[in-house]
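All remarks here apply to the structure that follows.
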Amino acid sequence: MFRYTAEQLPEVKRIRYPFPVKTLGDSTLKSYQERLATCSGCLLLVGQSLLDTGFQQAMETFAGQTTCVVLAEHLANLPGSYVIRDFDSILYMLSPKEYPEYKPDILITMGGHTVSKRIRQFLRTYKPKEHWHITPSAGDMPDTFQSVTDIIETDPLCFLQQMNRVPLPASGEKKQYLSLWKEKSQALQEVSLPFSDLYAVRSLMQVLPEHSALHLGNSSSVRYAQLFPLPEHIWVYGNRGTSGIDGSLSSATGYAAVSEGLTFLLIGDLSFFYDMNGIWNKHTGSNLRIFLNNNGGGKIFHALPGLNRSEALEPYITGAHRTQAKGWAESLGFTYLSAGNKEELTEHLPVFTRVQQDSPILLEVRTSMQENADILRNYYHQLKK
């Protein structure tokens, strides 16, 4: 995987403009409604977005009328019990013979970046017959899943509202397809976790106050957060679509400076220390709460098959260190908390999430890089039991 052994690069489809871009006139709208009504399974994937109440209501109506499977990560900011958020874990649970059953007839995508690599690999391998991408600007269209057939140049809300004008009959095949996803999602059980980054992230997400904002650092932080449910009425943000860990701390600090509510940042050590001057800022207020997972390096690289056996891992890739944030945080007026076990984390979380506070807070969770990699592998192993 991490060696240059491929003799030939894979073939890719290049989108050349002008690509056949559709608009939703009466004739094309009727065609899309008919195709959606007769397909055997529809999958709608919403990428990173900031969606208002009108969109959320239109999406719920669309999902109910069409019996579409709606997938969305936390960064999509799409609430609703009909939304399946744990699809990454579902795909991991599937056996090879089950994958074809989850292949959609029609894939509809809208919004920005999707974090899950598994959903990309799945949809590239099990390609839909049709892939409609809904976008206000067709010139920005990337063929992420290598299967696009229709680019519909319109605002996603407009697409949903127009499609909702005519109720579509729910076929038995589509209901069965929806049941596949729902039943597998409901079968997921909470996994027992020892003290670790995973345990810490789950603990934080369980106690986030309503109407607060959660910023996610790139790499491990955003992926770990997606594994666990999120309380309602939480806005989620992240610097996705970039390559690396740049600016996550600065983004959250800037957001908190102009926000009246609590702003939480879940971030890893390399990302934090890379951008630590972001909190050297006279506008930092008491509403900023930084949850720092410090495991002494880039532990995610230990979990990648192939790379975890590379001789270059320790000296050049993981960025191993012994740095702590205490001195820097306290010198800038932060209340500093530290947790090295479950008991300390349980003790500090009520203070960390308290609304009334005189200063910003940094909670540093100290774990082991190697133990985290083992616990992550075991977590996924337990999903299949």
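Values below: all heavy atoms of this structure, side chains included; hydrogens, waters and symmetry mates excluded. In this text, all values refer to a predicted model and were calculated from it rather than measured experimentally.
No side-chain N or O of T253 forms a donor-acceptor pair with one of N281 less than 3.5 Å apart. For the residue pair T367 / N372, a side-chain donor-acceptor distance below 3.5 Å is found, with atom types taken as modelled. Side-chain contact, N218 with S248: no donor N or O sits under 3.5 Å from an acceptor N or O. A donor-acceptor contact under 3.5 angstrom links the side chains of H131 and T109, judged on distance only. No side-chain N or O of R120 forms a donor-acceptor pair with one of S116 less than 3.5 Å apart.
Residue pairs satisfying the salt bridge (charged side-chain N to carboxylate O under 4.0 Å, His left out) criterion with at least one member in residues 342-365, sequence neighbours excluded, are absent. Screening residues 81-100 for salt bridge (charged side-chain N to carboxylate O under 4.0 Å, His left out) gives D88-R118, E98-K184 as the qualifying pairs, with residues at least two apart or on separate chains.
Residues N287 and S259 share a closest heavy-atom pair of ND2-O, 3.0 Å.
At least one side-chain heavy atom of L249 sits under 4.5 Å from a side-chain heavy atom of I267. A heavy-atom distance below 4.5 Å is found between the side chains of F87 and E73. Residues M59 and L44 form a side-chain contact, since some pair of their non-hydrogen atoms from C-beta on lies under 4.5 Å apart. The shortest side-chain heavy-atom distance between T144 and R124 falls under the 4.5 Å cut-off. The side-chain heavy atoms of W328 and F334, taken from C-beta on, include no pair separated by under 4.5 Å. Residues E371 and F195 form no side-chain contact, since every pair of their non-hydrogen atoms from C-beta on lies 4.5 Å or further apart. Residues Y199 and V365 form no side-chain contact, since every pair of their non-hydrogen atoms from C-beta on lies 4.5 Å or further apart. Put simply, the side chain of H74 does not reach to within 4.5 Å of the side chain of L214, judged on heavy atoms.
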Review point. Passes side chain to side chain contact (heavy atoms under 4.5 Å, CB included), W132 versus L36? Steps please.
Key: CA-CA 11 Å; W132 311 345; L36 198 57; 4.2 Å; yes

Practice item. List the steps, then state whether side-chain hydrogen bond (donor to acceptor under 3.5 Å, both in side chains) holds for Y237 with Y255. Key: CA-CA 10 Å; Y237 302 88; Y255 180 97; 3.2 Å; yes

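Ring planes of Y126 and Y99: parallel class, angle under 30° (limits at 30 and 60°). Relative orientation of the Y379 and F228 rings is perpendicular, given thresholds of 30° and 60° on the angle between their planes.
Here the OH atom belonging to Y177 is positioned 12.5 Å from the OG1 atom belonging to T67, to the nearest 0.5 angstrom. Here the straight-line distance linking atom CD1 of I90 with atom NZ of K182 works out to 9.5 Å at 0.5 Å rounding.
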